[in-house]
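Below is one structure, written out as structure tokens; the observations come after it.
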Number of protein chains: 2
Amino acid sequence: MTHESRNADRDAATDALFKALSDGTRRALLETLVREGEQNVQALTQVSGVSQPMVSRHLAKLKRAGLVTARRAGRETWYAARVKGLGPVIQWMAIHGALWSQRFSALEGLSG
Amino acid sequence: MTHESRNADRDAATDALFKALSDGTRRALLETLVREGEQNVQALTQVSGVSQPMVSRHLAKLKRAGLVTARRAGRETWYAARVKGLGPVIQWMAIHGALWSQRFSALEGLSG
DNA sequence: CATATTCATAACCATATGATTATGAATTAA
DNA sequence: TTAATTCATAATCATATGGTTATGAATATG
């Protein structure tokens with residue numbers, strides 16, 4: 001067993017994912033995409049409170065982390081949330097099996 | 001409804017939490033605490049692969065985020081994982097109610 | 001063709017962050 | 001009391017990060 005595989009918390013994909021989620025502006029963008037569905041950069045810029053280039057960069061980071069998809073149509077780029085991308089987060093939280101899972105279920109009631 | 005409460009993704013606590021989790025070394029420390037239970041800095045340093053001061057700083061950040069507790073005993077400080085601290089992450093993932101929750105349940109099978 | 005729109009990238013800046021070594025405070029042990 | 005242990009903090013450094021404005025490439029429109 002290698003050092004890498006033994007220590008799942010240092011997995012590169014997981015790292016990228018958590019890093020992508022660690023910024024409020026990016027989480028807000030993601031939330032918008034989940035709420036409103038596929039959006040282009042222009043629309044996301046208006047709702048984001050930051051400049052268009054910054055939105056593009058945030059979206060690029062979300063894409064690299066697997067949290068959004070991009071679809072180019074003419075001069076517009078349409079971004080959409082990629083729910084599956086959260087898989088590693090779930091997996092990380094379940095990493096110790098029963099321990100987290102129990103709390104997990106217990107806390108799921110919070111969602112309402 | 002305030003701007004703050006409307007935009008849950010920019011909540012300061014959530015931000016601190018995700019930021020705390022966004023570093024592999026910190027996640028590894030947290031994993032160790034979950035697996036092995038309460039540990040002092042010395043023990044955590046040996047398993048972390050970074051210097052003792054860095055471990056102290058990472059632990060401080062985890063503590064500020066509510067993910068660990070610290071108990072001073074003589075010259076040693078014993079840190080423990082604080083499972084409840086993950087609440088906001090769960091909450092964030094459930095933020096859009098049914099949408100995430102469905103995927104949530106679907107993905108929970110991954111944990112095995 | 002000329003102009004406007006949409007987006008990404010470049011250049012730049014300030015600050016945050018992860019890491020190190022050095023140091024110092026507090027506690028324990030000799 | 002002197003020495004060793006444990007931990008946190010300071011000083012320092014390199015790099016990453018979030019933000020801006022400027023620019024340029026591609027596409028659509030007059």
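Here the structure is a predicted model, which means the values were calculated and not measured. What you see below is based on every heavy atom in this structure, not just the backbone, and it leaves out hydrogens, waters and symmetry mates. Chain naming here is simple, since letters A, B, ... match the order of the sequence lines and numbering starts at 1 in each.
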How many whole angstroms separate atom NZ of B:Lys19 from atom C1' of D:dA16? 12 Å
Whole-Å distance separating the CZ atom of A:Arg64 from the P atom of C:dA8: 12 Å
For residues 15-45 of chain A, which residue pairs qualify under ring-ring contact (aromatic ring centres under 6.0 Å, His included), counting only residues two or more places apart or in two chains? A:Phe18-A:Trp92
Please give me the minimum heavy-atom distance between B:Lys19 and A:Ser22, naming the atom from each residue. NZ-O, 2.9 Å
CG of A:Leu44 versus P of C:dT6: gap in Å, rounded? 13 Å
Nearest-Å distance, CG (A:Leu21) to P (D:dT17)? 14 Å
Is any side-chain nitrogen or oxygen of A:Tyr79 closer than 4.0 Å to OP1 or OP2 of C:dA8? yes
Value in whole Å for how far the P atom of C:dT27 lies from CH2 of B:Trp78: 17 Å
In whole angstroms, how far is the P atom of C:dT17 from the CG atom of A:Asp15? 15 Å
It should be established whether A:Thr77 places a side-chain nitrogen or oxygen under 4.0 Å from OP1 or OP2 of nucleotide C:dA8. yes
Given C:dT17, is OP1 or OP2 found less than 4.0 Å from the side-chain N or O atoms of B:Thr25? no
Value in whole Å for how far the P atom of C:dT5 lies from CD of A:Glu76: 13 Å
Check whether any side-chain heavy atom of B:Arg71 lies under 4.5 Å from a side-chain heavy atom of B:Thr77, and answer yes or no. no
State which residues pass side chain to side chain contact (heavy atoms under 4.5 Å, CB included) with A:Ala13; sequence neighbours excluded, sorted by chain then number. A:Asp11
Output yes when at least one side-chain N/O atom of B:Lys61 is less than 4.0 Å from OP1 or OP2 of C:dT17, else no. yes
Any side-chain to backbone donor/acceptor pair from B:Arg82 onto B:Gly66? Under 3.5 Å, distance only. yes
To the nearest angstrom, how far is A:Leu59 atom CG from D:dG18 atom P? 13 Å
Less than 4.0 angstrom between a side-chain N/O of B:His58 and OP1 or OP2 of C:dA19, yes or no? yes
Protein-proximity profile, nucleotides 20-30 of chain D, B/S/- by nucleotide at the 4.0 Å heavy-atom cutoff, equals BBB----BS--
Nearest heavy-atom approach of A:Val34 to A:Ala81 is CG2-CB, 3.7 Å
